[in-house]
There are 2 protein chains.
Amino acid sequence: MSPLVKIRSERDQMSAVERRIADFILENAQLLRDYSSQQLANALGISQSSVVKFTQKLGFKGYPDLKYSVGEAIARADNGDATHVATKAAEAHDESGVGSLWRRKSEAEEETRLINTPDTLQAVADAMATAGAKGKVFMIGLGDDDIYARSFALRLSLLGIPTVHNFDAARMAASVSAAGAGDVLLVFSEHGNHPALCKIGRFFRERRGRLITVTRHTSNPLRALADIALLVSAHDDRPYIQPVLYQSALQHLLDGVFVQLCEGDEQRHVQLLSNLERVQQMLDP
Amino acid sequence: MSPLVKIRSERDQMSAVERRIADFILENAQLLRDYSSQQLANALGISQSSVVKFTQKLGFKGYPDLKYSVGEAIARADNGDATHVATKAAEAHDESGVGSLWRRKSEAEEETRLINTPDTLQAVADAMATAGAKGKVFMIGLGDDDIYARSFALRLSLLGIPTVHNFDAARMAASVSAAGAGDVLLVFSEHGNHPALCKIGRFFRERRGRLITVTRHTSNPLRALADIALLVSAHDDRPYIQPVLYQSALQHLLDGVFVQLCEGDEQRHVQLLSNLERVQQMLDP
DNA sequence: AATTCGTCTGAATTAGATATTCCAAGACGA
DNA sequence: TCGTCTTGGAATATCTAATTCAGACGAATT
């Protein structure tokens, strides 16, 4: 039972001094944290030993025991709205727009998480894994997208999946020209309407490769071509925030695929770990 | 901030004895309630004074203060679990560790947000802005870090800040060789111990440039050189998660600086907006 | 009315916990 | 190699909590 409830319930059968202690605690529970038994006694003009006896009578081991119990009770009580620590902290900081950024990022990431079902992530991860075993993964993105394509490509490489990343359409075209069944092409394009990329995508599909697109959550020509389409959702009026959100959400999505890839299948998991170990060995000495 | 998060985030730059204390507390937080500083010391085979010093180093008034804070945190957490069954269930439903990833990411990002004060972000943003007016921003990162250096460099360029980004130390050395007062060098190095980067940093400072480092939250030679040090905190046992968290936290940090840069100063804000508009005009038609 | 008993309280004491000081050993740079 | 700095522990000082003991008060009994 909460210590405060206990105190209240016993209050009526207490002596005068005890009742004063009880009342003080009930009214100033949050102050208790900084009071020693002596200070509390002083504040009430009574002796320290009375305070200790009070706590023992109530069934606590001693004064600190009561103190900690009350502290916990308060913590539990005012927890009501502290749902997500991150959100809370972000809101508290909320000065100069930076605080709001964290919230907007969370929102964008969450939206993105919701519009891509776990099944989709799993399907993408499986496609990568298959390509890792029987073929190659090609990856391309232009502009800002190239960075995330590259980052993701590096991660796949670390897992032992043969990955080809190109910065521009011309090189990609060359790389893809000989692709075939068992290969995967991952195209990053925020708006999904870059003609060169669409063309490469179409060609790749004709060669029986699996096409995965990563675009904004709109209907766009690139997405229409895809075997599997990953979608990113992010909105903000401010022109300089917009890309930050898009990139966060995109990164978030890729993180999800990556972990799914690492952990989705037991056998794969083991194999990937040994891969990483070999990489470490090469780098360490 | 939750005392446990705080302990976690500082753990990496603790001495051996301190780390043992940290680990014990993290693993047995609920036991703390019944431990005196002396008992805790005995349990770990260390001296009582070390325990007290540990708590003070972390910013608590003393051992009881820490103990009390941990108690509150646990109480809050317990309650959280009980009340937010829905959230819990949702996370359980997208199984196989992907659910936990989002939480781990949030934690890493939060930690990182906490160890870099708003003042630091502001200082970095100001340094960039000044460099944009009177000099140049140089940026370098090796390995995985290069991606984030590049991404950030692109953003700065969009804002009209002259930015030089290099993928390798040799080119950077060449770029930096003529740097001077008014210039800023931003060095990304997860472990902060790359000799070539330290050397470039030292040289750059001799040329009176401002050196900003971005490293893991440990004490490392690179960070020691810096005018301003940005810190990233991220931990996970799983070798494939670790980099994901590091990169998320890093990205998060850079986002913060970027927004601070965009919104921190009214005049700058207006100017940056018009810049963006011009960029749009060039790309649109 | 005086005595006795029980209860309550505080002063004094003791026990216990926490904080500080000081010193030795090791790490790090010059 | 020699300071210098850092770290951890022993000893100590300070503070806190718990117990003991004695006096005060009141109710019940003779």
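Letters A, B, ... are given to chains in the order of the sequence lines, protein chains preceding strands, and every chain is numbered from 1. Atom set for the values below is all heavy atoms of this structure, side chains included, hydrogens, waters and symmetry mates excluded.
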Y35(B) OH - dT18(C) C1' separation (whole Å): 18 Å

Whether Y68(A) and Y68(B) hold their rings parallel, tilted or perpendicular, with breakpoints at 30° and 60°: tilted

Q56(A) CD to dT20(D) C1', straight-line distance once rounded to whole Å: 12 Å

Euclidean distance, atom CD of residue Q38(A) to atom P of dA17(C) [Å, nearest integer]: 18 Å

Ion pair check, D183(B) and R207(B), cut-off under 4.0 Å: no

For S37(B) against Y63(B), the heavy-atom pair lying closest together: N-CE2, 3.3 Å

Parallel, tilted or perpendicular: ring planes of F152(B) versus F188(B), cut at 30 and 60 degrees: perpendicular

CG-CG distance between L230(B) and L186(B), expressed to the nearest 0.5 angstrom: 7.0 Å

Under 4.0 Å protein heavy-atom contacts per nucleotide of nucleotides 3-10 of chain D, with B for base, S for backbone only and - for none: ----SBBB

Whole-Å gap separating C1' (dG16(C)) and OH (Y63(B)): 14 Å

Distance, rounded to the nearest Å, where K61(B) contributes NZ and dT14(D) contributes C1': 14 Å

Salt-bridge criterion met for R155(A) and D144(B) (N-O under 4.0 Å): no

Side-chain N or O of S37(B) closer than 4.0 Å to phosphate OP1/OP2 of dT18(C): yes

Euclidean distance, atom CZ of residue F54(A) to atom C1' of dT7(C) [Å, nearest integer]: 17 Å

Separation of dT16(D) C1' from K67(B) NZ (nearest whole Å): 12 Å

Nucleotide dA18(D), atom P - distance to CG of L58(A) in whole Å: 14 Å

